Amino acid sequence: MATNQQFVTLNNGNKIPAVGIIGTGTAWFKKQGQEEVISPELIEQIKYALSLPGVIHIDAAECYNTYVEVGKALEQSNRPRDQIFITDKFSPQANDGRTVSESFERGLARMGVDYVDLYLIHCPFISRQGYSLEDAWSELEALYESGKAKNIGVSNFRVSDLQRILKSGKVKPQVNQIEFHAFLQNQTPGIFQFCQQQQIQLEAYSPLAPLQRKSDELKTAAGAPFYHYLEQLASKYNKSEALILLRWVTKRHVIPVTTSSKPARVKDAQENLFTFDLTDQEVDQITSLGLLHKPLRLYWNEVYADYDSQAQQPL
Ligand SMILES: NC(=O)C1=CN([C@@H]2O[C@H](COP(=O)(O)OP(=O)(O)OC[C@H]3O[C@@H](n4cnc5c(N)ncnc54)[C@H](OP(=O)(O)O)[C@@H]3O)[C@@H](O)[C@H]2O)C=CC1
C-alpha cells in the first residue's frame with residue numbers, strides 16, 4: 001500500500017513511525033478494577049486504525065487497563081505483526097507490586113503478542129520499597145537483550161532521572177515520552193534540549209492540548225493570537241487545526257502520540273500528516289505564540305507543577 005508515512009531512526013538504528021495514532025489511555029483509560037469492563041468503542045477504533053495503510057503505532061500501558069481491548073482488536077484484525085508498532089509501559093506505581101518482568105509478561109499475554117516494539121518505564125516515581133530506578137532500568141535492559149522488547153525507554157523522566165540511568169546502565173534509552181505541546185514546551189527544566197543533545201527521541205503525549213482547551217482559552221488575550229494563527233495555517237494548507245499542531249510537533253523533531261474516538265481524525269493523523277509541510281518561519285511562529293501562553297499542564301501536576309515557571313521559557 002502506498003503511504004505518506006514517515007519514520008524516525010532511533011539511537012540504536014531501529015525505525016519508529018513518526019506519529020502514534022492510537023493512544024489507549026486518556027479518554028480510554030479505565031480505573032483499576034475496571035479492566036474486565038470492555039469498551040467495544042475502543043476495540044472498534046483500534047481495529048479501524050489497523051485497517052489504515054502503513055505501520056500502525058499503538059500506545060498502551062499497564063495502568064490504562066485497556067490491554068484486553070488491544071488484544072481483541074489485534075485478534076480480530078488480519079494485520080501482519082510487522083505492520084504494527086506496539087508501545088507498552090511498566091507502571092512503577094499501583095500495579096500490585098509486580099516486577100518489571102511480571103508486568104511485561106502480563107502485558108504480552110493480555111494483548112496476545114510475543115514482543116513489543118517499545119517498552120517504557122511510565123514515570124520515575126517508584127513505589128516499591130528497596131527498588132530503585134536503576135534496578136528497573138536493568139530489568140528493561142534484560143528484556144531488550146532478550147529481543148522481547150525491540151526498543152526501551154522512559155516516560156516523564158527529568159534530566160536528573162535520565163542522568164541516573166545513563167550512569168548506571170548499559171543501554172541508552174531510545175525514547176522519553178513526555179507531555180509536550182505549544183503550551184508546555186519543557187515538561188521539566190531542560191528536558192527538551194537534553195534529550196535532543198543525547199539522541200534520546202522525545203515523544204509528545206497530549207500534543208493537541210491547546211485544542212482540547214480551545215473554547216476556554218480563546219477568550220484570553222494570551223491565547224487569541226495563537227489560535228488565530230492556527231486558523232490561518234489550517235486555512236492556508238486546507239488541513240485541520242489538529243493536523244497543523246501535530247505537524248508542528250514533528251517539525252520540532254518530536255513524535256506526537258495522539259488518539260481520538262473519531263475515525264476521521266485517526267485516519268487524518270495516519271494518512272495526511274506528511275502530505276504538507278510547515279515553513280521554518282511558521283514553525284517558529286507557532287513556537288513563539290505558544291510560549292506567550294501560560295503553562296497548560298494536563299498530567300503529572302502533583303509532581304511537576306513546581307516547574308511551571310520554567311516550562312514556557314524560550315530555549
Ligand atoms: N506517558 C504518559 O504519562 C501519558 C501518555 N499518554 C498517551 O498519549 C495518548 C494521547 O494523549 P491525549 O492527551 O489524549 O492526546 P491528544 O492531545 O492528541 O488529545 C486527544 C483528544 O483530543 C481530542 N481532539 C482531537 N482533535 C481535536 C480537535 N480538532 N479539537 C478538539 N479536540 C480534539 C480528541 O477527542 P475526540 O475523541 O473527540 O476526537 C481526544 O480526546 C494517550 O491515549 C496515551 O496513550 C497520555 C497522557 C499521559
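Computed from a predicted structure; not experimentally measured. Both ligands and their constituent atoms are indexed starting at 1 by order of listing.
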Can a donor-acceptor pair be found between the side chains of Y307 and N186 at a distance below 3.5 Å?
-> no
Nearest to atom 28 (C) of ligand 1, what protein heavy atom do you find, and at what distance?
-> R265 NH2, 3.5 Å
Within a distance under 4.0 Å of any heavy atom of A209, pick out the atoms of ligand 1 and give their elements.
-> 17 (O)
How close does the nearest protein non-hydrogen atom get to atom 41 (O) of ligand 1, and which residue and atom is it?
-> A27 CB, 4.4 Å
Among N11, T87, N14, D117, find the one that has a side chain to side chain donor-acceptor pair (under 3.5 Å) with N151.
-> N14
Is K148 paired with E139 through a side-chain N to carboxylate O contact shorter than 4.0 Å?
-> no
Distance under 6.0 Å and angle within 45° of the ring axis: does R252 meet both against F192?
-> yes
Do the side-chain N and O atoms of N156 and Q187 include a donor-acceptor pair separated by under 3.5 angstrom?
-> yes
Determine whether the side chains of T250 and R247 contain a donor N or O and an acceptor N or O closer than 3.5 Å.
-> yes
Closest approach of any protein heavy atom to atom 31 (C) of ligand 1, naming residue and atom | L211 O, 3.7 Å
F29 near ligand 1, heavy-atom distance under 4.0 Å?
-> no
among protein heavy atoms, the one nearest atom 38 (O) of ligand 1 is K262 NZ, 2.5 Å
Heavy-atom distance to atom 1 (N) of ligand 1: which of Q177, E241, Q45 wins?
-> Q177
Would you mind listing which atoms of ligand 1 come within a distance below 4.0 Å of any non-hydrogen atom of S155?
-> 1 (N), 2 (C)
Would you call E44 and K47 a salt bridge, taking side-chain N to carboxylate O under 4.0 Å as the test?
-> yes
Taking the six-membered ring of Y115, is the NZ or CZ of R81 close enough (under 6.0 Å from the centre) and on axis enough (within 45°)?
-> yes
In terms of side-chain heavy atoms, does S39 have a donor or acceptor partner in W28 at a distance below 3.5 Å?
-> no
Determine, using ring centers only, whether H293 and Y227 are less than 6.0 Å apart.
-> no
Atoms of ligand 1 close to P207 [distance to a heavy atom under 4.0 angstrom, numbered from 1] = 15 (O), 16 (P), 17 (O), 18 (O)
In terms of side-chain geometry, is the basic nitrogen of K251 or D277 positioned less than 4.0 Å from the acidic oxygen of its partner?
-> yes
If you measure every N/O of G25 against every N/O of ligand 1, is any gap under 3.5 Å?
-> yes
Pick, from Y299, Y64, W28, the option with the minimum heavy-atom distance to atom 6 (N) of ligand 1.
-> Y64
Hey, which atoms in ligand 1 end up nearer than 4.0 Å to a heavy atom of N156?
-> 1 (N), 2 (C), 3 (O)
Aromatic centroids of F90 and W137 separated by under 6.0 Å = no
Strictly under 4.0 Å, does any heavy atom of H122 approach an atom of ligand 1?
-> yes
Closest approach of any protein heavy atom to atom 10 (C) of ligand 1, naming residue and atom = V257 O, 3.3 Å
Under 4.0 Å from one or more heavy atoms of T24, ligand 1 contributes atoms 43 (O), 45 (O)
N78 atom CG, neighbour heavy-atom count above 12 within 6.0 Å = no
Proximal atoms of ligand 1 relative to D59 (non-hydrogen, under 4.0 Å) = 7 (C), 44 (C), 45 (O)
Considering only heavy atoms, does S261 approach ligand 1 within less than 4.0 Å through its side chain, its backbone, both, or neither?
-> both
Tell me, which protein residue and heavy-atom name are nearest atom 47 (C) of ligand 1, and how many Å apart are they?
-> Y205 CD1, 3.2 Å
Is the closest heavy atom of S240 to ligand 1 under 4.0 Å?
-> no
among protein heavy atoms, the one nearest atom 15 (O) of ligand 1 is S206 CA, 3.6 Å
shortest atom 22 (O) of ligand 1-to-protein heavy-atom contact is with Q212 CG, 3.6 Å
Close-contact set for ligand 1 against S260 heavy atoms, below 4.0 Å = 36 (P), 37 (O), 39 (O)
